[in-house]
Trainee: 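One structure, pasted below without further comment.
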Amino acid sequence: GSSSSEELEADPAPAPTVATGQPRRPGRPGHPRQPSPSASPPRLQQKAPRDVDVLGGAAREGSQEEAAAAPSAPPATPRKSGVTAEKAPSPPTLYVQLHGETTRRLEADEKPLQIQNDYLFQLGFGELWRVQEEGMDSEVGCLIRFYAGKPHSTSSSERIQLSGMYNVRKGKMQLPVNRWTRRQVILCGTCLIVSSVKDSLTGKMHVLPLIGGKVEEVKKHQHCLAFSSSGPQSQTYYICFDTFTEYLRWLRQVSKVASQRISSVDLSCCSLEHLPANLFYSQDLTHLNLKQNFLRQNPSLPAARGLSELQRFTKLKSLNLSNNHLGDFPLAVCSIPTLAELNVSCNALRAVPAAVGAMHNLQTFLLDGNFLQSLPAELENMHQLSYLGLSFNEFTDIPEVLEKLTAVDKLCMSGNCMETLRLQALRRMPHIKHVDLRLNIIRKLVADEVDFLQHITQLDLRDNKLGDLDAMIFNNIEVLHCERNQLVTLNICGYFLKALYASYNELVQLDVYPVPNHLSYMDVSRNHLENVPEWVCESRKLEVLDIGHNQICELPARLFCNSSLRKLLAGHNRLARLPERLERTSVEVLDVQHNQLIELPPNLLMKADSLRFLNASANKLETLPPATLSEETNSILQELYLTKNNLTDKCVPLLTGHPRLKILHMAYNRLQSFPASKMAKLEELEEIDISGNKLKAIPTTIMNCRRMHTVIAHSNCIEVFPEVMQLPEIKCVDLSCNELSEVTLPENLPPKLQELDLTGNPRLALDHKTLELLNNIRCFKIDQPSAGDASGAPAVWSHGYTEASGVKNKLCVAALSVNNFCDNREALYGVFDGDRNVEVPYLLQCTMSDILAEELQKTKNEEEYMVNTFIVMQRKLGTAGQKLGGAAVLCHIKHDPVDPGGSFTLTSANVGKCQTVLCRNGKPLPLSRSYVMSCEEELKRIKQHKAIITEDGKVNGVTESTRILGYTFLHPSVVPRPHVQSILLTPQDEFFILGSKGLWDSLSIEEAVEAVRNVPDALAAAKKLCTLAQSYGCHDSISAVVVQLSVTEDSFCCCELSGGGSVPPPSPGIFPPSVNMVIKDRPSDGLGVPSSSSGMASEISSELSTSEMSSEVGSTASDEPPSGTLNESSPAYPSEQRCMLHPVCLSNSFQRQLSSATFSSAFSDNGLDSDDEEPIEGVFTNGSRVEVEVDIHCTRAKEKEKQQHLLQVPAEASDEGIVISANEDEPGLPRKADFSALGTIGRRRANGSVAPQERSHNVIEVATDAPLRKPGGYFAAPAQPDPEDQFIIPPELEEEVKEIMKHHQEQQQPPQRQFQMDQLPDCYDTPL
């Protein structure tokens, strides 16, 4: 016997059919790829009476079910349908599946191609040819897919039912009278159904109710389970299964059912078109969940059980039919008298029939997300109805029938089309206490002589169009929501007011009368208030007051005397001082950042002895108040943020009055030293950020802070490496942009250390042993010495970037920077933010540059290629994008290839909350747009698609962005079509910033531009933005990329002047245009891969986890703007002057195009450097993309001379592409020797960078062999190179390459792949 949840295959050979030999009826749930009745019905295999529904139907033919099976079952006539099928041959039924979810049978008039084209147009493609091209791509299957016959889904078919022929025995094991016999057994709903006769398709069916029963293993027999019902009349069946798999499957499903307290069945998301026949044995069913299926009232198929049969469940209390695309109200449910809860939301219903009045016991009736404009008067017969959901419909007024529904106390009408709220209507509904009218288009309230509405206690008017609101009429109001309107004035009755939410308005006046003595929470942030009303001091229960982002100049003098106030958020105002009366204050959280405070009240820290959190960043503080006047201190301060003030060394001793301090941010002040004795007293410190000061050292007493996990001290003048490596808990150390010259390390690295950043320390020189040790850190970034004095035109752009993980310690952002994208007259930068997931940003980072490179081949129109890049990316996300999503911003700098003297164009495209800002003439110029609910056209579009917007402003509770990559299950409400903006770059353009959501939520664009405008180094600028955002309160992951521009007046190409115009512009990098070098997930013994924006910084990162730390595509670490391009001492360079856009061509080497962001527009030495003697094994190509994954090996020093002569490659070799995978050999190709010769042809780096060692060899995983489209899905590429990878050599070069290889083999011993640590040479060189 075999379980029905396996795939049922028709036997091609004629075989005896089962018992009654019926063909299966098409379109049954839970069955795979069913052929529709066809000319020759498929024969079932001999042993497989597993077809559920055949069984179910046959069991009913002339049989009387045992237990309480409903006798009213219509006789099934499967045999007839088989006969008629033979006369009328028809093609197999077609099914469509969206986003890997449920599958729907296509109606007769639906055309698959039309459906697919409509879907792709909806995504945002503009041209028909493009839609057709995209539709032919096999990867589109993760978005939309068609099947002939119903596809099989094990998980859902198991939930629908299990069945098979097994050995069954009834009753007690001890009694000899009970024999084992082979029987048909079915598990469906809440019952176990066993046929009473051997011929399973006729005779009675024994039904064993399983709710509250038990299932136990029977040790005596193999794969045997005992099923028992509950209660005094308990019965037991023993069933022996044929395989362990089936045994487990049945055990799992039955355990779920038996453990339930109530008789409930969940068949949601099972692609059901009708109800499973055997479900009707579960007569005592009380809860049935059928949401997200495709159920119909009366299916067209004969004997299929449609919704009309639901009335057979006579005890049903709760029924969920939401998201079934019903179109019409299912009348049958009106005949279920016991129903107490009915959910028919999101079914495109346009009317509710009068018959619903018959459901007298209905208590909850959900009609949200339909197209209803009115309700029938008969609804008044539902006397028990207490909750009626009418959100996201088309009502323009409150339905009158609600006056009669006296048990309903909440009016749920958010997302409708009401323009006016008539209070007269509410007055006639005294039973309504809670009114929810958010997301309508209400412009005014009409009172019509209504004096007071005493019954309403909660009113929600968020996201409407109100200009002013006089809510005095609601004299018993307790909670008022009116965020995101256009309110200028607001009047409220204060008698019972407990909470007021009025942020994001234009309030200049706020009146509450009388003084609200019950008010505990008040949020009036982001308005235009100039003062805080005096009554706030009198409000005796006020605990939280948020007045941030207003224009308040002064706080009421007695504000802190309010003894109930726990949390005061007053940041982003114009406060020059804080009130000094602090008697009895119990404030725990005080946020006064972004004001104009020169000092804090002198007694603040002494009197406010409950203060745990103080943020006074971005003020003008010069000193701090003391915490105590004696040795004793009562301070319980734990978090102190003082970034971007004018604090000097004088204030450091005052910190010792806070012995419980855990987090201290004092970045961008004027500190020159941090006395050791003071640091020693801060023993509980866990995180310190003292970046952007003038510190020369971090005190050695940091050793006393045993709990310290994060030390951030970039952009100082630190010369001595601090003792941070002795701290047992240390995780993250950032000492970039300092003046370190050496690093002192303990014998063993701290066990939890994940990140060490030493970039931007030009004098730092590490010996090989130190590098080897640091290599074990998951993310280790370091500079490489530059290629000496270089000359050449200045770079047009250079970048720096940074990423920081949030509080959860997961890095959910990624950055992309490709300084010479597609032929180095272009650049590409990106920032990706996955909110809480790490997968999507990483996938975007690996792939998006390739897609853009491909799109550029198809069209030169900026908007078109950017839009198409994002939409194609939606497909490339594959299954990851079905449930996860991410925001993205891409910036592409392009030079007009036809007009080399022309200017550069910057094109920015974004979805979600990642954004770009350009600094032009010192002023911010936003190039992005954030699509959220507050955009009118987006809200309108989402309402049309009937998505539910939850109270936190998210589409179906998932994302607040209406345009974002991924989350395809929210299509068509959420789409990937980006906002695109192009701009010609001028000499007035200084730099642009790309940032993730966390950055822009914390910094305004004006402040971001102002903050980094005078920072000369792009890396330091990016670091500064990140530090500021964290000090201002950002707890999310943050990524920032700063790209500095120096566009000349004429922006012309100086090659023409130097006489080098005849040489075609080559590409000086090592990777082809569509390749990003991604170093990810390597074992932790790997040395890192060099990287930098200026050919100087290289990131040594081993075991790079996508989740927790800086994931660089093409290693995008950055540095000072490069000093120049050419190394004159290099023999490979002609001496002519070349411009930045067209670096010199090496005629005797392979041309390569660099897309990895390893070098900024100034490229360090491209020739052979005299110091580096040791070439590195590697792989080169000249094609438009790499076809294989690449290994880079370290080779032994003694082999170096033997390879020097090979570096002179014949000229024709440089014109052709050779793609060689340094992986396992392919039979039939010459045995691979040590490829270090080919690997370094004319392309060794002068940066002395260190190659990673990984087990036997090092891998630079080129995550961009996307175009190969492996069948397992785009991102199913192996982490290790595939042994099947092979050399791809043009035929005309084959002989020559064989010669080179043969020559090379003769010259050396078989290379040794595995190097012991002590054999490693002192100096490595990689093509990076």
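Being a predicted model, the structure only gives us computed values, none of them experimental.
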Trainee: Distance from D397 atom CG to C417 atom SG, nearest 0.5 Å?
Mentor: 11.0 Å
Trainee: Please say whether more than 12 non-hydrogen atoms of neighbouring residues, nucleotides or ligands are located less than 6.0 Å from NZ in K943.
Mentor: yes
Trainee: Distance-only, no hydrogens or angles: does the T959 side chain make a donor-acceptor pair with backbone N or O of S961 under 3.5 Å?
Mentor: yes
Trainee: Does atom OH of Y495 have more than 12 heavy-atom neighbours, drawn from other residues, nucleotides or ligands, at distances under 6.0 Å?
Mentor: no
Trainee: Any side-chain to backbone donor/acceptor pair from D511 onto N491? Under 3.5 Å, distance only.
Mentor: no
Trainee: Check whether any side-chain heavy atom of L307 sits under 4.5 Å from a side-chain heavy atom of V333, and report yes or no.
Mentor: no
Trainee: Quick one: does H431's side chain have a donor or acceptor within less than 3.5 Å of a partner on L402's backbone?
Mentor: yes
Trainee: Are side-chain heavy atoms of R312 and R305 found at a separation under 4.5 Å?
Mentor: yes
Trainee: Search all heavy atoms of T102 against all heavy atoms of C270 and return the closest pair with its distance.
Mentor: CG2-N, 4.2 Å
Trainee: Between atom CG of N278 and atom CD1 of I193, what is the distance when rounded to the nearest 0.5 Å?
Mentor: 4.5 Å
Trainee: Taking the side chain as everything from C-beta on, heavy atoms only, tell me whether D284 gets closer than 4.5 Å to T190.
Mentor: yes
Trainee: Quick one, V194 and L208 - any side-chain contact, counting heavy atoms below 4.5 Å?
Mentor: no
Trainee: Please enumerate all residues that pass salt bridge (charged side-chain N to carboxylate O under 4.0 Å, His left out) together with E483, with sequence neighbours excluded.
Mentor: none
Trainee: Are the side chain of D468 and the backbone of D470 linked by a donor-acceptor contact shorter than 3.5 Å?
Mentor: no
Trainee: Donor-acceptor pair, S229 side chain versus Q235 backbone, under 3.5 Å?
Mentor: yes
Trainee: Could you label the plane-to-plane angle of the F329 and F365 rings as parallel, tilted or perpendicular, counting under 30° as parallel and over 60° as perpendicular?
Mentor: perpendicular
Trainee: When rounded to the nearest 0.5 angstrom, what distance separates CG in D368 from CG in N416?
Mentor: 9.0 Å
Trainee: I need the minimum non-hydrogen distance between V265 and G189, along with the two atoms involved.
Mentor: CG2-CA, 3.6 Å
Trainee: Show the nearest heavy-atom pair for residues T364 and L385, with the distance to one decimal.
Mentor: N-CD1, 4.0 Å
Trainee: Which distance, rounded to the nearest 0.5 Å, do you find between the NE2 of H383 and the CG of N361?
Mentor: 11.0 Å
Trainee: List the steps and the verdict of side-chain contact (heavy atoms from CB on, under 4.5 Å) for V512 and M522.
Mentor: CA-CA 12 Å; V512 180; M522 176 159 130; 5.9 Å; no
Trainee: Pick from L367, L342, N343: which one makes a side chain to side chain contact (heavy atoms under 4.5 Å, CB included) with S322?
Mentor: N343
Trainee: Find out whether R296 and E273 are in side-chain contact, i.e. whether some heavy atom of one side chain is under 4.5 Å from a heavy atom of the other.
Mentor: no
Trainee: Verify side-chain hydrogen bond (donor to acceptor under 3.5 Å, both in side chains) between S271 and T103, making sure each step is shown before the conclusion.
Mentor: CA-CA 5 Å; S271 302; T103 49; 3.3 Å; yes
Trainee: Between E394 and K946 (salt bridge meaning N to carboxylate O under 4.0 Å), is one present in this structure?
Mentor: yes
Trainee: Going through the checks in order, is the side-chain contact (heavy atoms from CB on, under 4.5 Å) test met by F395 and N440?
Mentor: CA-CA 10 Å; F395 291 101; N440 276 274; over 6 Å; no
Trainee: With a 4.5 Å cut-off on side-chain heavy atoms, are L461 and V435 touching?
Mentor: no
Trainee: Judged by atom type as modelled, is there a donor-acceptor pair below 3.5 Å linking the side chain of N320 to the main-chain atoms of L290?
Mentor: no
Trainee: To the nearest 0.5 angstrom, please state how far the CG atom of L310 sits from the CG atom of L285.
Mentor: 10.0 Å
Trainee: Tell me whether the count of non-hydrogen atoms from other residues, nucleotides or ligands lying under 6.0 Å of CZ in F371 goes above 12.
Mentor: yes
Trainee: Would D463 and R484 count as a salt bridge (charged side-chain N to carboxylate O under 4.0 Å, His left out) if you check the C-alpha gap in whole Å, the side-chain angles of each, and the deciding distance to 0.1 Å?
Mentor: CA-CA 5 Å; D463 298 283; R484 290 178 297 278; 2.9 Å; yes
Trainee: For a quick test of reading the model, state the closest non-hydrogen atom pair linking S264 to Q260 and the distance between them.
Mentor: O-NE2, 2.9 Å
Trainee: Can you check side-chain contact (heavy atoms from CB on, under 4.5 Å) on M205 and I186, steps first, answer last?
Mentor: CA-CA 10 Å; M205 303 299 261; I186 300 166; 4.3 Å; yes
Trainee: Kindly compute the distance separating CD (Q373) from OG1 (T396), expressed to the nearest 0.5 Å.
Mentor: 7.0 Å
Trainee: Would R105 and E110 pass as an ion pair if we require N to O under 4.0 Å?
Mentor: no
Trainee: Give a yes or no on this: more than 12 heavy atoms of other residues, nucleotides or ligands lie within 6.0 Å of atom OH of Y504.
Mentor: no
Trainee: Are K410 and Y387 in a cation-pi setup, meaning NZ or CZ lies under 6.0 angstrom from the ring centre and within 45 degrees of the ring axis?
Mentor: no
Trainee: Please determine whether a side-chain nitrogen of the Lys or Arg among R462 and E951 lies less than 4.0 Å from a carboxylate oxygen of the Asp or Glu.
Mentor: yes
Trainee: Hey, is CZ on R540 packed in by over 12 heavy atoms from elsewhere, all under 6.0 Å?
Mentor: no
Trainee: Are the side chain of N289 and the backbone of L267 linked by a donor-acceptor contact shorter than 3.5 Å?
Mentor: no
Trainee: Given side-chain hydrogen bond (donor to acceptor under 3.5 Å, both in side chains), test S263 with T286 step by step and report yes or no.
Mentor: CA-CA 5 Å; S263 181; T286 57; 5.0 Å; no
Trainee: Flag yes if more than 12 heavy atoms outside K214 fall under 6.0 Å of its NZ atom; otherwise flag no.
Mentor: no
Trainee: Evaluate whether atom NZ of K498 has more than 12 neighbouring non-hydrogen atoms of other residues, nucleotides or ligands under 6.0 angstrom away.
Mentor: no
Trainee: Could you tell me whether D409 and K433 have a side-chain N and a carboxylate O separated by less than 4.0 Å?
Mentor: no
Trainee: Please tell me if the side chains of M933 and I949 come closer than 4.5 Å, counting only heavy atoms from C-beta onward.
Mentor: yes
Trainee: Closest approach of L445 and I442, non-hydrogen atoms and distance?
Mentor: CD1-CG2, 4.3 Å
Trainee: Between the main-chain N or O of A348 and the side-chain N or O of N370, is there a donor-acceptor pair closer than 3.5 Å?
Mentor: yes
Trainee: Would you mind reporting whether L453 and H455 have side-chain heavy atoms less than 4.5 Å apart?
Mentor: yes
Trainee: In plain terms, say whether K940 and E937 are close enough for a salt bridge, that is, a side-chain N and a carboxylate O under 4.0 Å apart.
Mentor: no
Trainee: On a heavy-atom basis, which atom in N464 and which in I441 lie closest, and how many Å separate them?
Mentor: OD1-N, 3.3 Å
Trainee: Under the 3.5 angstrom rule, does the side chain of N324 hit a backbone N or O of L295 as a donor-acceptor pair?
Mentor: yes
Trainee: Does any N or O in the side chain of D436 come within less than 3.5 Å of the main-chain N or O of M413, such that one atom is a donor and the other an acceptor?
Mentor: no
Trainee: Verify side-chain contact (heavy atoms from CB on, under 4.5 Å) between L500 and L490, making sure each step is shown before the conclusion.
Mentor: CA-CA 11 Å; L500 169 62; L490 174 60; 4.1 Å; yes
Trainee: Give me the one residue out of H945, E938, Q944 that meets side chain to side chain contact (heavy atoms under 4.5 Å, CB included) with S973.
Mentor: H945
